[in-house]
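In what follows, a single structure is set out as structure tokens and then discussed.
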Amino acid sequence: MSLLSRLRRPSTAAGEARTPADRPAPTAEPTGGTPTPTDDTAPTPVRARWRTVAARVTTVLAGLLILAVLTAPDRLDLVTPVAFLRVPIEGLVAAALLLVLPGRARRLVAVPVGAALGLVAVVKVLDLGMSASFARPFDLVLDWVLLDDGYAFVADSVGTGGAVAAAVGLVALVVALLVLTTRSVLRLTRVATEHRRAATRVVAGLTALWVAAATLGVPVADSGTATLVGQHVGQVGAGLRDRREFAAQVSQDAFRDTPGDQLLTALRGKDVVLAFVESYGRDAVEDPEFAGQVGAVLDGGTKRLAAAGFTARSGFLTSPTAGGGSWLAHDTLLSGLWIDNQQRHDSLLASDRLTLNGAFRKAGWQTVGVMPAATSPWPEGAFFGYDRYYDAAGLDYRGPQFSYAPMPDQYTLSTFQRRERATPGHAPVMAQIPLISSHSPWAAIPRMLDWEHVGDGSIYRRPTSVAFNPKDVVGRSTTEVRTGYRRAIEYSLNSLISYVQTYGDDDLVLVFLGDHQPSPLVTGPNASRDVPITVVARDPAVLARVGGWGWQEGLRPGPDAPVWPMDTFRDRFLTAFGPQPPAHVAAPR
């Protein structure tokens with residue numbers, strides 16, 4: 001039957017049922033003629049069934065997405081299937097509000113609710129990333145600068161292409177979360193209003209369940225999203241209060257007005273090297289997976305250095321950071337202030353605080369900054385005020401990059417020795433050297449070489465100069481990552497031990513420590529923030545000055561070694577190596 005004939009036929013009266021006689025008889029197709037067109041716009045039963053199934057699946061997926069956003073933990077170690085089997089009170093409140101609102105107002109409210117849930121999802125993703133890398137939540141006020149640092153880290157580790165792909169993926173994820181959560185809320189709102197009575201019963205029943213669970217302390221009741229939002233909103237006020245508190249702390253300095261001739265008198269004539277070993281944390285010497293091999297390096301190094309006349313004392317410091325943010329640890333140790341966020345770092349750089357290296361400079365030492373990881377302008381150098389400063393370009397390395405590290409630690413130490421300590425009769429030097437071969441991702445690790453062969457670093461282009469270099473950096477298992485970490489720490493420690501063996505003399509004092517623990521991927525959740533610290537010297541008078549610290553003999557601190565906050569080290573060090581106070585004056589804590 002043609003469409004035209006269908007339109008011309010008079011319809012049956014309203015409410016009148018059609019009889020078989022009323023139905024048009026099928027029209028026979030002429031032999032060899034064109035088939036009569038059918039009504040393709042009317043859905044077939046199969047198509048209608050699939051549309052119904054698709055609509056229901058979409059609704060279920062929308063509900064699961066909203067549930068996942070509201071119940072998802074903000075720490076990676078808490079992400080388990082059970083974590084999502086909870087009833088979020090925030091979802092019940094939003095559902096009740098949308099059910100009671102009239103049509104137009106309902107839509108006007110649903111859109112911002114969906115967008116807000118998208119922002120919550122983005123914050124949780126940022127928190128998950130920070131918990132995996134730095135063992136803390138993302139600070140919405142202070143941590144945006146870390147995104148740029150993260151891009152640089154990925155670019156240095158896996159190349160610019162990988163960094164660009166990661167950045168594009170992150171932006172796409174943010175946009176997708178905002179769009180999907182908004183559309184999901186709109187869909188769920190429409191379905192709920194179409195089945196208002198059933199939706200009201202479900203919301204009422206789940207609310208009763210939530211109240212009962214909360215009363216009985218059953219973990220089914222969840223209000224984590226509201227708590228999370230409150231914590232992040234509170235960061236703004238906390239940041240303002242912290243700024244004022246830190247300004248007061250900067251002004252309190254027992255050594256600010258100490259004359260230079262009364263500073264560090266027990267170290268006159270010594271070359272003092274302060275070396276930070278990247279990611280050298282307490283787990284490296286105590287975790288059973290690492291302690292055997294790393295402990296063997298430290299214990300063997302203690303014996304080797306003892307044969308050369310050196311002794312050592314070791315303890316622990318508690319770092320203000322974990323997993324990354326090395327500059328915060330450097331600031332803390334050198335300034336004697338607790339620097340645990342970017343705002344404090346920036347405030348420190350704007351102050352005139354006397355740092356440890358500043359005290360050495362004031363007392364007459366030549367101060368040197370050796371920064372092999374500084375591949376771009378480093379404004380912090382102006383604050384620390386080194387007499388000489390070597391960044392990555394200034395160290396003139398001619399070899400290949402080792403994953404994140406622009407150059408091996410042995411090369412860094414070799415170049416420092418050649419430029420600063422090799423000249424007989426040189427002026428005493430105080431050097432700060434952050435060693436970076438043990439920086440994540442713990443992939444390409446160099447081999448220890450004969451010091452005379454290090455040269456300009458071009459020798460590292462030879463395959464025999466590489467000890468460890470997995471092909472797939474991104475797809476490694478946790479076990480492979482932990483193995484890379486251990487081997488990198490062993491290399492950095494061996495570099496320091498061999499340096500003292502090769503170039504140490506009566507006038508060398510080495511202080512080396514970790515800047516922070518590695519990421520939770522290596523340590524697991526809830527690890528301490530303690531890092532080992534060691535003082536090495538041949539002159540017995542030097543270690544006699546730290547005899548009252550209670551530190552243990554050797555390069556490896558044991559489980560019972562003292563633990564100090566890192567910000568107490570500056571004052572303890574200046575007190576120990578300055579003019580000794582009268583016996584009745586208590587040592588700084």
Side-chain angles (χ1 to χ4, degrees), residues 253-276 305-306 308-315 317 330 333-336 352-370 384-390 413 416-433 496 499-513 533-549 551 553 564 568-583 585 587-588:
D253 188 352
F255 291 92
R256 177 193 298 275
D257 300 321
T258 303
D261 59 2
Q262 296 181 28
L263 289 169
L264 301 161
T265 54
L267 292 174
R268 299 290 179 183
K270 306 292 186 185
D271 289 334
V272 179
V273 176
L274 176 62
F276 290 91
L305 294 183
F310 289 88
T311 53
R313 297 289 185 275
S314 299
L317 300 179
H330 302 170
L333 185 108
L334 294 170
S335 70
D352 60 353
R353 178 76 176 187
L354 179 69
T355 60
L356 188 57
N357 57 309
F360 273 97
R361 185 175 63 253
K362 189 175 181 180
W365 269 262
Q366 291 288 294
T367 57
V368 179
V370 183
F384 289 111
Y386 304 109
D387 293 303
R388 288 179 293 282
Y389 166 65
Y390 304 100
L413 294 169
F416 162 71
Q417 174 65 24
R418 184 172 64 253
R419 296 188 181 182
E420 295 293 339
R421 296 191 65 241
T423 304
H426 64 274
V429 170
M430 184 273 174
Q432 177 190 350
I433 310 177
L496 283 170
Y499 174 81
V500 176
Q501 271 189 293
T502 306
Y503 299 114
D505 54 28
D506 292 344
D507 293 330
L508 175 66
V509 176
L510 170 65
V511 180
F512 72 90
L513 70 153
I533 181 170
T534 299
V535 178
V536 181
R538 181 182 283 171
D539 186 348
V542 171
L543 291 184
R545 287 283 184 138
V546 301
W549 288 0
W551 287 14
E553 294 186 6
W564 303 343
T568 65
F569 181 79
R570 187 205 71 157
D571 286 8
R572 287 180 179 269
F573 190 89
L574 292 176
T575 299
F577 291 103
Q580 293 298 294
V585 178

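Numbering starts at 1 and runs along the sequence shown. No hydrogens, no waters, no symmetry mates; every other heavy atom, side chains included, goes into these values.
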I'd like to know if Lys270 and Asp539 make a salt bridge, using a cut-off of under 4.0 Å between side-chain N and carboxylate O. yes

Under a 4.5 Å cut-off applied to non-hydrogen side-chain atoms, are Leu510 and Leu496 in contact? yes

Between Ala427 and Asp271 the two heavy atoms that sit nearest each other are O-OD1, 4.2 Å

What closest approach, in Å, do Leu333 and Arg570 show between heavy atoms, and which atom pair accounts for it? O-CB, 3.7 Å

For the residue pair His330 and Phe276, categorise the inter-ring angle as parallel (less than 30°), tilted (30 to 60°) or perpendicular (more than 60°). tilted

On a heavy-atom basis, which atom in Arg421 and which in His426 lie closest, and how many Å separate them? O-CE1, 3.4 Å

Is any side-chain heavy atom of Val535 closer than 4.5 Å to one of Phe573? no

Side-chain contact, heavy-atom cut-off 4.5 Å: Gln366 with Met430? no

Closest contact, heavy atoms only, Thr265 versus Pro579: OG1-N, 3.5 Å

Are the side chains of Arg418 and Phe416 in touch, meaning some heavy atoms are under 4.5 Å apart? no

Here the gap from Thr502 atom OG1 to Leu413 atom CG, rounded to the nearest 0.5 Å, amounts to 10.5 Å

Using 4.0 Å as the upper bound for N to carboxylate O, is an ion pair formed by Arg538 and Asp507? no

Does the side chain of Arg388 come within less than 4.5 Å of Glu420's, by heavy atoms? yes

What closest approach, in Å, do Ala312 and Thr534 show between heavy atoms, and which atom pair accounts for it? CB-CG2, 4.0 Å

Can you name the nearest heavy-atom pair linking Leu334 to Gln432, along with the distance? CD1-OE1, 3.4 Å

If you measure from the Lys or Arg side-chain nitrogens to the Asp or Glu carboxylate oxygens, is any gap between Asp261 and Arg268 under 4.0 Å? no

Measure the shortest side-chain to side-chain distance between Phe569 and Leu513 over non-hydrogen atoms and say whether it is less than 4.5 angstrom. no

Hey, mind stepping through Val368 and Asp387 against side chain to side chain contact (heavy atoms under 4.5 Å, CB included) and telling me if it holds? CA-CA 6 Å; Val368 179; Asp387 293 303; over 6 Å; no

Main-chain N/O of Ala576 paired to Arg545 side chain as donor or acceptor, under 3.5 Å: yes

Under a 3.5 Å threshold, yes or no: a donor from one side chain and an acceptor from the other, between Thr367 and Asn357? no

Do the side chain of Asp505 and the main chain of Leu508 share a donor and acceptor less than 3.5 angstrom apart? yes

Test: Arg572 cationic atom under 6.0 Å from Trp564 six-membered ring centre, within 45° of axis: yes

Who are the ring-ring contact (aromatic ring centres under 6.0 Å, His included) partners of Tyr503, not counting sequence neighbours? Trp451, Tyr499

Can Val273 and Ile433 be said to form a side chain to side chain contact (heavy atoms under 4.5 Å, CB included), step by step? CA-CA 7 Å; Val273 176; Ile433 310 177; 3.9 Å; yes

Point-to-point distance, once rounded to the nearest 0.5 Å, from OG1 of Thr575 to CZ of Phe255: 3.5 Å

Yes or no on side chain to side chain contact (heavy atoms under 4.5 Å, CB included) for Leu274 and Phe512, after CA distance, side-chain angles and deciding distance? CA-CA 6 Å; Leu274 176 62; Phe512 72 90; over 6 Å; no

Please name all residues satisfying ring-ring contact (aromatic ring centres under 6.0 Å, His included) with Tyr389, sequence neighbours left out, ordered by chain then number. Trp378

Measuring from Thr311:OG1 to Leu305:CG, what's the distance to the nearest 0.5 Å? 9.5 Å

Is Arg361 reaching over with its side chain to a backbone N or O of Phe384, donor-acceptor style, under 3.5 angstrom? yes

Evaluate the ring planes of Phe577 and Trp549, with Trp represented by its six-membered ring, and classify them as parallel (under 30°), tilted (30 to 60°) or perpendicular (over 60°). perpendicular

Under 4.5 Å between any side-chain heavy atoms of Leu264 and Trp365, yes or no? yes

